[in-house]
Structures are given as structure tokens and as C-alpha cells.
Amino acid sequence: MSCEGRNPMPRAAAFRRSPAEVMRLSRMGCSHPTRLSFLRQLLRRMQQERWRFDRPVWQMDARGVGRAVYRAIGPARSYSLVAFAHDLPAQARSDRVIATAWDATFALFDGTPDAQDLDRLAANVPLQEAGRITPRELSLSRANRSVRLFDHVVERLSRGLQPDAAMLQDTGYLMRTTAVYGAGKFGAADRAAIAPRPELRAPFQAEMLSVWLTRAFTVDLVEHLARARGGDRAVRLDPALKRGLGVGNSTGLGMAPFVIRHPVLLNNWMLAREEALARVRAQDSAGAAECDGLLAALQGAAVNAQLWTSAHPVQQAKLADLRDGLSRVIAHVSGAWDRGAAHPWDSLWRWGQAQLPLEAQEALLAAMLEPHGALIDGLAECMDADEDAVFAIDGAMRIGDLRAILQDRYDWALGVDYGARDQCARFWYVSEDKLEPRLGERFDEPGAGCELPLDTGRQAAALWAALAGRPDDQPVAHLLLAHPEHRPALRRAQITARHPFAEIRDNLIAADMLPIDLLRCKLAFFGATRFDPRSDRWVRISLFQGAPYPEDMGGAGHEA
Amino acid sequence: MKHDPAAHAPAGAPERDAPELSLSEIAALSWRAIRGAGRSWGEAEEGAQAACWLARAGLDWAGMLLEVLDLPGDSAACPLRAGLRLADGAALPDGVARVGVTLPGVRCPAFILPFAAQAAARTGQALRLVWQGADVTVPPAAAPVLQGQMMPRGAVAVTIGADTAAAGPGASGGWPVRHRATVTAAQYARLNALMIAFTVPASAASLAGAGAAGDDND
């Protein structure tokens, strides 16, 4: 749901950034995870509700082939990650969606599986897309080993030694997931079936839980293999080193269209984050604890930025911006920032806007939110969406009103010459082999006849042109009768009129559009760190690095 | 790459006689199949939403959708087009809740029901749809009350108007808790074939651009 209807802090409105500033790919492509990110929401809830965790099944042979079950026990319900570990030859290891075998495969089961459930899952989960799961499952996923690090850790532990800390930091994870499917895919439970549960209402909570339990599995597996190899000599992984490991994720274009196809959801994510920033900026003063929290968050971000590497030139430039920007922010916060002045957080933000590159501005945003949990964490309740409720087109809307919406919210799209090659260089389509979204070069590749309607700017401009000469008081239903082809653009315009952050304000088929910007934004909302593009449309990231493990959750001192 | 229908999601589905699909699978399959049948994206969005509505109502969503897609897109008998007109015009002075209408020859008239539901929700007025052998009430924001033959053979005349006898919203009770529906193997194969018609086979360029630049054995 959206929180537009209830705004407990109206004075924050004056401090909100405009959608025209926020909804540009150049800025969305600099997004950082915040305390509103979905994995942080999951960890906070599990800590606050004192969830318990156990591992009722661990059947693994000396080669690390077998099955395991990890259970998360909440106040009302339990969820179980069912893991299958395989012996994968190196030549079969691929992170791409076309792969047919993986080092490990997983399903998140609703409740506690019995032997029959496990056998059913064993017959289907290792096949991934070629198998079939049921409404008892909430997600389906797989992971591949980070081969060099995985082998190194097993080898060292088996000899009674700890692995090389620098190597661990360099990679950051033992396994990376290559797809995490939820929301009804391949027979899993529909989103609508589980969304009424408080613990699954926020976006992607089942998927996040699945990945977090996968992280525990990856460590258990290396320790198991080390014991199998080294016997009594073997040692367990040092807790501090273990804490620094996350789960990697390797992903491509497949997830990019999601934020275009779910405009209300995107709006609610953005609106919650922007409202959080506005609330912080609207504070009259800066307390000592909040200032300390800010500095700690900035220093943590600076350490992370040092460890964060990428071979991609675009990201390398951004990382240089980030490291330089963070050191300047830390210097400013420790020195010139007048925390006693009126609206000190707003003055800090304005300083950042004037002084910092986009990458560091968005990092400053995340750091400013960090010490303000009490002020902003409630906004997490507003990040899901009832998309069915806004689906129907209002045919009684007058052409004049539609014209005004297009002028106000689509000015970025209306002046573009979409006939120019560089403005329509790309087309989005679905691949025949895996039914996955892809991006083609219109003038070099076949298939533009099967273009997906993700050319939002071009469609808005075509709708605008179709309004020419129509009287202002005519209902849009008449336009749709004559020109049904404008229906998708009209729906988006009506949605964007009520949801200002619904539309990405860039030409998504332009030659210079970077798909990794779409991925970065979505992954930051997940809570991903170490964004590392491997091409302009393929990226590796890390999830849950530095987060507690199940066995840490009972204790205090690990605020999520 | 050679096309292998069994490789397509939901891959397990066609193997059994009456496989069950989740609503999100129904929406994704319908959206692409409608476009693959040559209809516009706007019709694909609406038709996919309608298919889910029909599935939740316990009706033969796939059979109805396939019957619709067998019609030419510009056919006056197409219930998808008729439904869109009905829903778009619902709040206008000549909207169906105020001024009843009889559509002379419509195929698969039950496919109009989801659009009547949109119109009922927008106007807050229950609608009644009658065709030979069937009588349906669609209340605002509640499950429909279905009586009679939902899939008559051939085109039928459909009379639609306000159901002034219907009690207020929710009179029919809430929707059943249903998030899945079946499809026959034959229906699934036909919808899948339509969906595939709107996909692009792998090319040298697309394969070169996919995945990471490098090996995944690192």
C-alpha cells in the first residue's frame, strides 16, 4: 500500500525531492541500500519478533552431495529452506539463465516439510525451471560456488587453518545465487496468497529469507567438507571472517523490466525512501546519538567502498567518485558542518548536493537515514502495492486533464525525436529459448517486430500526438475507441498522475541507456552491496555481508 | 537454437492432463499469448487481467481466452473489444449502469464479465448480464453470481444493464480463496504456441551480449 493518504509528518513535504530529480536513470543507477531495504526489513522483524532457527535435516556425504533443511520459526508460522547440494563438473558451471545444472538448488517451503515433501522437492528443485513446484513453496533458487574461494576455504579449514582474510574480502561470498524465483513462478504460491501475512507483506521477504538461510548453508557446507577431508584436524570458520561473508548474486537483464512493469510498486519504494530523507531533513536539530550514528554509517560506507572493486570502467569511475566523496563528507561532518544551526540535516544535504557527485550524494542519503530508525522505519509498511486496485482505466477522464498530466509528468519524453537512430536504437523483447527479457539493437538484430511495450517515453509522445485537435472536454474513452493502441500509455499516465514516482524519466530505448542502472536501483532496494557490473547488462552483487547469522539472532547487539 | 516446447516455462505444466497454474502464470501466459495472436498490448494487458478474474471465478479461463483469440481482432463479435468499450465508458452519461445495452451477436459472452466487474466497481452499481440460457449478476467489488450456460455455442445476444434488484456490495459474499486454476494440456499447448509466436530466437548478436564477459568458474 502507499502511505500517501496518511502523512504523520506534513512539515516534511517542503523537504521532498521532486520526481524529476529522483527518477532519472543516472541517479537511480547510483542507488545505495538503506535501512528501508528489504533484507534489512526482514532482519529487523525477525529480531524484534525473536524468531528461532534450527537445522532439522543435514544429510550430506563426504563430497558435499545431499540435502539439508533450515527452518525459521516465527510467532505465527515457520518457513523452511530446503537445500540440495550437487556435484557439478566445472564445464557445466554457468551463471546464465540457460544453465541446466548448479552447485546447489533450493526451495523455500511454507512450514516444515515431511519426508514426502522432501522427496517431491528432490525430484523437482534440482531441475529448476524444468521442474514444477507447488503452492507449498514460496521460492525456487539455485547457487554456484565461487570456485577459487570455496576450494581455498575448504582446503585451509581441513588443515586446521583459517582462510586468507584478504581473499575472503576480495570475493565476499562462498556461493552466488543465479536466480531466485518467487511470486507464483513455476507453480509456487502466488503473491496474493501470502501477501496478507504480516511477515511477507513487504516486497520480496520470502526471497530475502531464502537467500539469508542460503548464506548459513554455504558456511555449513564448507565446514562439512573440511571435516570430511581433514577429520579431527579440521577447524570451523572464524566467526569474524564468517560474518564478512554474504551470498553473491549474479543477474542479468531479466530483472530490469520489473521496475518498468510495476509502476505503482516502484512509486511506493521511491516514495518511502524520499519521505524518509525529507523527514530527516525536516528535523530542527541534530542529537549527539544521531550525529555519532551518521559518522559511523559514513565510516562504514567508506570501508565498504575500499573493499568494493569492479573491473567495469563505468563502475570504476563511480567508485572513485564514491571514495573521494565519502572522504569529503566525513571531513565536512567532522569539521565545518554546523550541527547547531537550524535544520542541520537539511544544510548537510544541501552541502552534499552542491559539492558531491551523484554516487556520493546517494551514499550520503543512506547514511543520513541510518541513525533515524525511530523516525523512518514505519515507512517500511508503505512499500508494497495493491496493483489490481489501480489497474482500471478511468475512461471519463477529460482529454484536457490527460494533456495536463502529460505536460506535467512526461515533459522529459515529449520533445524527443524518436525517429533519430540513437533515440530508438534498442528494443526490449522476450527470448524464445528461456522466455527471458532481452535488449536488442534495433538496426543490427532481427526481432524488433516482437518489441515489448517498455518504450515508455516513445509511447507517451505518441499519445501526446494523438491528442492533437481533440477537444479538452472529450472523455478519453472516445480516444481509446478510435486509437486502442494508446491504451498502455494512457494507463501509465493515469497511474503516474496519482503516483509521482511511478515512471522512470528517461528514454529506455536510447542508444546510451545503461540497463545496469535499472538493476542497481532495484538491487539497492533489495539491500545489495558491492555492485559489480560484468558488462552493461550483467552484474554481480552481494547480499547480507556483515549481517548476523541465524545463531546470532537471539543475542543483542546486532541491530539490523 | 531449436525450439523445444518442453523447455518453456511452466515446463512441468503440459505433462499432466489438467495442470494447475498460479494466477501469475496465467497472467504472464495470457499477456504474451494475446499479443502473439496479433492483438494490441492494451488488449493483452486487459485480457490477461480478465483471464485471472475468470480463473478466480472458477470459469474455464483458457477455453474462453482461446475462443476470443480465434476471432479477428476487429470483429464486432469479440467480447474483449466489447468489454473494453463497456468498462471505458462506464462512468459516462451513456454508461451501461445508466443506459442498458443489448449487443446483438457476441461470442463467448462470459469474457465480458471481468469488464462488467470493472464497470460495476467504477459506478458502484451491480450489473446484470443476460444471454440465452444464462443470467449473471456482477456486484461491485464482490464475486459474481453465475447461473446457466457460461460458454454457449456461437454468437448470442447479450443484454447488459443495472441490476436494481441486487442488494448492496458484497451480497454475493467474498471471492473464494483461489489463487490457481487448471488448464488442459491442449489449451496449454495452444496458448504456449501463441506466446512463442511473440518471442525472438537467439541470434549471434543476442548470445554475444548475454551473460558476463568471461567465465563463471572464478
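These numbers come from a predicted model, not from an experiment. Order of the sequence lines sets the chain letters (A, B, ...), proteins ahead of strands, with each chain counted from 1. Heavy-atom basis, side chains included; hydrogens, waters and symmetry copies ignored.
Between the CD atom of A:E432 and the CZ atom of B:F198 there is a distance of 13.5 Å, given to the nearest 0.5 Å. Between B:W53 atom CH2 and A:D388 atom CG the span is 13.0 Å, to the nearest 0.5 Å. Rounding to the nearest 0.5 Å places CG of B:L84 at 8.5 Å from CG of A:L480. Between B:S22 atom OG and A:I133 atom CD1 the span is 9.5 Å, to the nearest 0.5 Å.
Residue with the most contacts toward chain A among B:Q49, B:Q118, B:R85, B:R178: B:Q49 (heavy-atom pairs, distance under 4.5 Å). Comparing A:P453, A:P475, A:A396, A:A477 by how many heavy-atom pairs each has under 4.5 Å with chain B, the most go to A:P453. When each of A:V476, A:L452, A:T134, A:L253 is checked for heavy-atom pairs under 4.5 Å with chain B, A:L452 comes out on top. When each of A:A193, A:A311, A:A392 is checked for heavy-atom pairs under 4.5 Å with chain B, A:A193 comes out on top.
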Can you check side-chain contact (heavy atoms from CB on, under 4.5 Å) on A:Q459 and B:W41, steps first, answer last? CA-CA 12 Å; A:Q459 286 193 37; B:W41 280 121; 5.6 Å; no
Yes or no on side-chain contact (heavy atoms from CB on, under 4.5 Å) for A:D190 and B:E25, after CA distance, side-chain angles and deciding distance? CA-CA 9 Å; A:D190 249 307; B:E25 287 176 308; over 6 Å; no
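Taking all atoms of both residues into account, the shortest heavy-atom contact from B:S24 to A:A183 is OG-O, 2.8 Å. Nearest heavy-atom pair, B:R180 versus A:G187, reported as atom, atom and distance to 0.1 Å: NH2-O, 2.7 Å. Closest non-hydrogen pair, B:S40 versus A:P484, comes out as OG-O, 4.5 Å.
Contact check for B:V200 versus A:V430: no side-chain heavy atoms found under the 4.5 Å cut-off.
Heavy atoms of B:R32 lying under 4.5 Å from chain A belong exclusively to its side chain. Neither the backbone nor the side chain of A:P533 comes within less than 4.5 Å of any heavy atom in chain B. For A:N124, no part lies under 4.5 angstrom from a heavy atom of chain B. With a 4.5 Å cut-off on non-hydrogen atoms, A:E441 does not touch chain B at all. Neither the backbone nor the side chain of B:A27 comes within contact range of chain A; no heavy atom of the residue lies under 4.5 Å from a heavy atom of that chain.
Partners of A:R491 according to the side chain to side chain contact (heavy atoms under 4.5 Å, CB included) rule, which considers only residues two or more places apart in sequence or in another chain, are A:F391, A:I393, A:R487, A:I495, B:E45, B:E46. Partners of A:H478 according to the ring-ring contact (aromatic ring centres under 6.0 Å, His included) rule, which considers only residues two or more places apart in sequence or in another chain, do not exist here.
Against chain A, the residues from residues 86-101 of chain B that qualify, each with a non-hydrogen atom under 4.5 angstrom away, are B:D88, B:G89, B:A91, B:L92 in number order. Contacts of residues 57-80 of chain B with chain A at a heavy-atom distance below 4.5 Å are absent; not one residue qualifies.
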